[in-house]
Asker: 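Quick one: structure below, then a few questions.
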Amino acid sequence: MGVAADSQFHVLAVDDSIIDRKLIERLLKTSSYQVTTVDSGSKALQFLGFHDDDEVNSNQPCVSPNNSQEVEVNLIITDYCMPGMTGYDLLKKVKKSSSLKDIPVVIMSSENVPSRISRCLEEGAEEFFLKPVRLLDVSKLKPHMMKTKIKETHEHQPQHQENNQEQQHKQDQEHQEQKNALEILEEVESEQQSNGSKRKSIEEESVTKQNKTQIQLWPICRFD
Amino acid sequence: MSSVLQLQRQFIDYTTSLHNEGYLDNQFTELQKLQDESNPDFVTEVVSMYFEDSDKLLNNLTTALQQRNVDYKQVDAHAHQFKGSSSSIGAKRVTNVCAHFKGFCEAKNLDGCLRCLQQVKQEYIFFRNKLEALFRLEQQILQAGGSVPMVE
């Protein structure tokens, strides 16, 4: 797996407004992400390959994230107010799905309703953006997508024995990736401390600490 | 025939006045920031979408308020959509009227709704005319071989 070039990140954007879809698509493409836009929560679930019986507490064996999807999605950004399935409903479905729950979800809304914001964050949304969404908001997405890449690298076991030189280069590259990701996470943490973040700060701190621990353990596990 | 410099001056003055008079807000500037060589028509594309969408919404609003038993939830849904799209474009005055419109929907105030419908149509027409004038100025500058200045 190559170093995370931004073009590898694929965002699924969900909004019933054609204008807002065009806008979010441009914002994301300007930030060098691959984008798919859909106009409803149900189409989003379809795209993600969601199955109704795909719940976390089912008896299915544990599979790595994105295994049952047709296309890999690194982040879902969705409008809150949509006819039929709201962004909140979509968020809940994603977080309850064993195959989709690790995909970060961001909610957008034109209305600044504190109870709505905390409800979304409690349900597992990473961020809550007020519309109209701007480039500055989109620049906050990368750390969330980086976290999923770190998790994936951590879970993959070496398939076969490569020659020493290749293996060393790969390990160096991956170690550099981890360092980069760690830097970004540290940046995010200090950002959270300095500005009034829209996220629940306590929960976020514990999440980032957890990831940091994973990163620190990783080199120890791999050298076998 | 105006020189490029004169046209550019006109453009800057016109854009500034649109901002000062509240027709445009910072969101419009954000849209312009998203336009570049690889997407040279982004702003006109979005704005065209907005005009098309708004025409439909205004028709829907008019029809909904003409019903014998007005469904205020439906009217509010249309007003909400119009408010959202107007806000995404940076059409400040239109957005503000939509906000009032929603208030009257909540209160099920038919009179208020009808007045807002008139007002929003008016503001929308003003906005549309001014934006079209702005785009014409842009075209003139480009045709004269100049570049369109960014106005913050």
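Each chain gets a letter, A, B and so on, in the order its sequence line appears, and its residues count up from 1. Side chains are part of it too, since the values below use all heavy atoms of this structure and drop only hydrogens, waters and symmetry mates.
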Asker: May I ask you to check whether over 12 heavy atoms, not counting those of B:His19, lie within 6.0 Å of atom NE2?
Answerer: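 Atom NE2 in B:His19 is packed in, count exceeds 12.
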Asker: Are the side chains of A:Ile18 and B:Tyr50 in contact, using a 4.5 Å heavy-atom criterion?
Answerer: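 No, every pair of side-chain atoms sits at 4.5 Å or beyond.
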Asker: Minimum heavy-atom separation for A:Ile19 and B:Ser88, please, with both atom names.
Answerer: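 Shortest heavy-atom contact: CG2-CB, 4.2 Å.
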Asker: Would you say A:Arg134's side chain and B:Glu30's backbone share a donor-acceptor pair under 3.5 angstrom?
Answerer: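 Checking the backbone N and O of B:Glu30 against the side chain of A:Arg134, no donor-acceptor pair under 3.5 Å is found.
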Asker: Could you walk me through whether B:Leu31 and A:Leu23 pass side chain to side chain contact (heavy atoms under 4.5 Å, CB included), step by step?
Answerer: CA-CA 8 Å; B:Leu31 292 182; A:Leu23 203 57; 3.0 Å; yes
Asker: Just verifying a value: how many Å separate B:Ser87 OG and A:Asp20 CG, rounded to the nearest 0.5 Å?
Answerer: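 The distance works out to 8.0 Å.
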Asker: Kindly give the heavy-atom pair with the smallest separation between B:Leu34 and A:Arg26, and that separation in Å.
Answerer: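 The pair with the smallest heavy-atom distance is O-NH1, 3.0 Å.
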Asker: Is it the side chain or the backbone of B:Asn26 that comes within 4.5 Å of chain A heavy atoms, both, or neither?
Answerer: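 Contact with chain A involves both backbone and side-chain atoms of B:Asn26.
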Asker: Could you tell me whether the side chain of A:Glu111 reaches within less than 4.5 Å of the side chain of B:His80, counting heavy atoms only?
Answerer: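 Side chain of B:His80 against side chain of A:Glu111, heavy atoms only: contact under 4.5 Å found.
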